[in-house]
Amino acid sequence: MSSSMSSTSASSQLNKTLCSHYLSLPQGGLCQVTYVWIDGSGEGLRSKTRTMQSEPCDVEDVPEWIFDGSSTSQAESTKSDMLLVPVRMFRDPFALDPNKLVLCEVLKYDRKPADTNLRHACNKIMEKVKDFHPWFGMEQEYTLLGVDGHPYAWPTKGYPKPQGPYYCGVGADRAFGRDIVDCHYKACLYAGIKISGSNAEVMPSQWEFQVGPCEGIEIADHLWMARFLLHRVCEDFGVIATLDPKPMVGNWNGAGCHTNFSTETTRAEGGLEHIETAIEKLRLRHAEHIGVSDPHGGQDNQRRLTGFHETSKIHEFSAGVANRTASIRIPLQVDLDKRGYLEDRRPAANCDPYAVTAAIARTCLLVEEEEADILSDLEINELE
C-alpha cells in the first residue's frame, strides 16, 4: 500500500496542548449546554452552545431556543425563526462535566414540526405501540475519508488490496483509523449513549458501531447523538465520516444501517412464530420500507441494494435464516432458540432512524384503524 495518505484538515493541525489549557479552566459554577439538531437536508447535524447558570438536572430544565432556519435550509428568510425543543440530554464528552449535549426537535415559527422533524410522527407511533415493548438495535456503518473526499489511508492513486482481510481485521495493513473508532466509542460511553459495540467492516477504512437495544423512540435519539459525536471526533482528527450508502463504486461493500427489531412476544417462548408473522407483514409493504430506507425515497439505496456485496435486490423482498443477502435475516441463534428478533438489512447508512423504526413499528404492530387514526392526527396538526 502506498505511503501517500489522504489529506487531513487544517484545523486538526492546531496546537491541541494549547487548546487543552483553555478547556481545563474552571467555569465558576456555570454550565455550557450544546443544542444539537437535524438540518434541512435530513442528514446533516447542526449545533450551537449557550451558558446556563447551573447544571440542568433533566432535559425539562433546558429552555427552548431559536435559530436561523434560513441558514440551515429549513425556512425562508421572511419567517426564519425556528424553535429548538430539547428532547433528550447527554453528558458532554468534549467539554466534560457539568456541561451537556441536548438533542432537539425542530419546530417552525408556528410550532408545527419542521419538514425534516420525523421524530414528531415517530414518537406518536411509539407511544401507540408501547405496550408491545418494541426493542430496536441499529448497526451504523460509515466510511472514513480525507478532506479531499478520498477514503482515508487508501493510496492516492490506485486501490488497496481487495476485500477479505479487513472485516474485524487487526494490524497496520488492515485497520485504518482505529484511534478514531476507539475515541468515538469512549465518547459515547461517557455521554450515556447506549452504544453496544464496534468493529472494522468489509471495505478498508469502513467501520461500524452498534446502538441498542433501546425501547421505542430512545433508539433513534441515541443513534442521532452517536452520529453527532462521530462527526465531532472526526473533526478533531481532521477527517470526515461519510454515511454514503455506496461511497466507492466497484467491488467494494456499501454501508448500511441494519435494524434489529423485537417485541415482548417475539422474545418470549415460541416467539419465532410472531417473527414470521411480522416478516409477512413487512413483505406486503416492501416498497414503503424502501422509500424510508434513505432520506431520498430509496434513491441512494439503489446504488447499494444490488444483490451483491451482502445485500438483497432493492425491488425484491426476501427473508431467510442466517442469510445476509436477504431483505430480512433471522439470525441462526434466533432460529435455534425459536424466539428473539429479526434483522432488517435494507436501511442505508444515511437513513433517518426515526423514519425506519416508525415504519417497522407501524407495519408490524398497528392495525389499519390505529394507523389511520395516527395519520389523521398528523394531517390535522399540519392543517391547524
Please round to the nearest 0.5 Å and tell me the distance separating atom CD of Glu215 and atom CH2 of Trp135. 7.5 Å

Does a side-chain heavy-atom distance below 4.5 Å link Ser293 with Cys351? no

Report yes if the side chains of Leu272 and Ile330 come closer than 4.5 Å at any heavy-atom pair, otherwise no. yes

Check for me, please, whether Leu103 and Met82 land in the same ILVMFWY cluster - side-chain distances under 4.5 Å, paths through other members count. no

Hey, could you give me the SG/NE2 distance between Cys364 and His274, rounded to the nearest 0.5 Å? 13.0 Å

Judged by modelled atom types alone, do His296 and Asn301 share a side-chain donor-acceptor pair under 3.5 Å? no

With a 3.5 Å cut-off and no angle check, do the side chains of Gln163 and Asn253 form a donor-acceptor pair? yes

Less than 4.5 Å apart, side chain to side chain, heavy atoms only: is that true for Glu218 and Phe136? no

Working for side chain to side chain contact (heavy atoms under 4.5 Å, CB included), residues Thr265 and Phe132: CA-CA 8 Å; Thr265 53; Phe132 291 94; 5.6 Å; no

Side-chain heavy-atom pair Asp97, Tyr190 within 4.5 angstrom cut-off: yes

Should the heavy atoms of other residues, nucleotides or ligands under 6.0 Å from NZ of Lys281 be counted, would the total exceed 12? yes

Just to verify, which of Arg46, Arg50, Lys100 counts as forming a side-chain hydrogen bond (donor to acceptor under 3.5 Å, both in side chains) with Tyr35? Arg50

In this structure, CG of Leu229 is separated from NZ of Lys186 (nearest 0.5 Å) by 14.5 Å

Taking the side chain as C-beta and beyond, is there a heavy-atom pair between Thr259 and Tyr341 under 4.5 Å? no

Short N-O contact, Asp244 and Arg303, less than 4.0 angstrom: yes

Going by atom types alone, do Gln210 and Asn260 pair a side-chain donor with an acceptor below 3.5 Å? no

Does a sphere of radius 6.0 Å around CH2 in Trp252 hold more than 12 heavy atoms from other residues, nucleotides or ligands, not counting ones at 6.0 Å or beyond? yes

Pi-cation contact, Phe94 with Arg232 (under 6.0 Å, within 45°): yes

Is any NZ, NE, NH1 or NH2 atom of the basic residue among Lys124 and Glu127 found under 4.0 Å from an Asp or Glu carboxylate oxygen of the other? no

Look only at the side chain of Arg345 and the backbone of Arg329, and say whether a donor-acceptor pair between them is shorter than 3.5 Å. no

Do Leu223 and Leu230 sit in the same hydrophobic cluster, where Ile, Leu, Val, Met, Phe, Trp and Tyr count as joined when their side-chain heavy atoms come under 4.5 Å apart? yes

N-O pairing of Arg362 and Glu288 below 4.0 Å: yes

Single-linkage hydrophobic cluster Met225~Val85, side-chain heavy atoms < 4.5 angstrom: no

Would you call the rings of Trp154 and Tyr159 parallel, tilted or perpendicular, where under 30° means parallel and over 60° means perpendicular? perpendicular

Any chance CD of Gln13 has more than 12 other-residue heavy atoms, nucleotides or ligands included, within less than 6.0 Å? yes

In Å and rounded to the nearest 0.5 Å, what is the CD to CG distance from Gln27 to Asn99? 4.0 Å

To the nearest 0.5 Å, atom CD of Glu280 lies from atom CZ of Arg285 at 14.5 Å

Minimum side-chain heavy-atom gap Asn251-His309 below 4.5 Å: yes

Step through the shown structure and confirm whether more than 12 heavy atoms of other residues, nucleotides or ligands are within 6.0 Å of NZ on Lys48. yes

Salt bridge check: are Asp352 and Arg119 linked by an N-O gap of less than 4.0 Å? no

Here the gap from Asp115 atom CG to Ile38 atom CD1, rounded to the nearest 0.5 Å, amounts to 13.0 Å

Looking only at side-chain N and O atoms, does Ser41 offer a donor or acceptor that is under 3.5 Å from a partner on Glu43? no

Applying side chain to side chain contact (heavy atoms under 4.5 Å, CB included), run through Gln206 and Met248 and close with a yes or a no. CA-CA 11 Å; Gln206 187 184 76; Met248 296 301 292; over 6 Å; no

Side chain to side chain contact (heavy atoms under 4.5 Å, CB included) for Thr116 and Asp39? Distances and angles first, verdict last. CA-CA 7 Å; Thr116 54; Asp39 68 16; over 6 Å; no

Side chain to side chain contact (heavy atoms under 4.5 Å, CB included) for Arg88 and Trp224? Distances and angles first, verdict last. CA-CA 11 Å; Arg88 199 172 295 274; Trp224 270 115; over 6 Å; no

Are Ile66 and Tyr109 connected in the hydrophobic side-chain network, where two residues link if heavy atoms are under 4.5 Å apart? no

State, with a plain yes or no, whether a side-chain heavy atom of Leu305 is found less than 4.5 Å away from one of Ile290. yes

Within the 3.5 Å criterion, strictly below it, is a donor on Arg267 or Ser262 matched to an acceptor on the partner's side chain? yes

Taking the six-membered ring for Trp and the single ring otherwise, decide whether the centroids of His120 and Tyr354 are under 6.0 Å apart. no

Does a donor on one side chain and an acceptor on the other come within less than 3.5 Å for Thr363 and His289? yes

Name of the residue among Val129, Ile275, Leu365 meeting side chain to side chain contact (heavy atoms under 4.5 Å, CB included) with Thr263: Leu365

Salt bridge between Lys79 and Asp110, side-chain N to carboxylate O under 4.0 Å? no

Backbone of Ser318 reached by a side-chain donor or acceptor of Ser327 within 3.5 Å: yes

Sequence neighbours left out, what passes salt bridge (Lys or Arg N to Asp or Glu O under 4.0 Å) with Glu201? Give chain and number order. none

Going hydrophobic residue to hydrophobic residue with side-chain gaps under 4.5 angstrom, can you get from Ile219 over to Val59? no

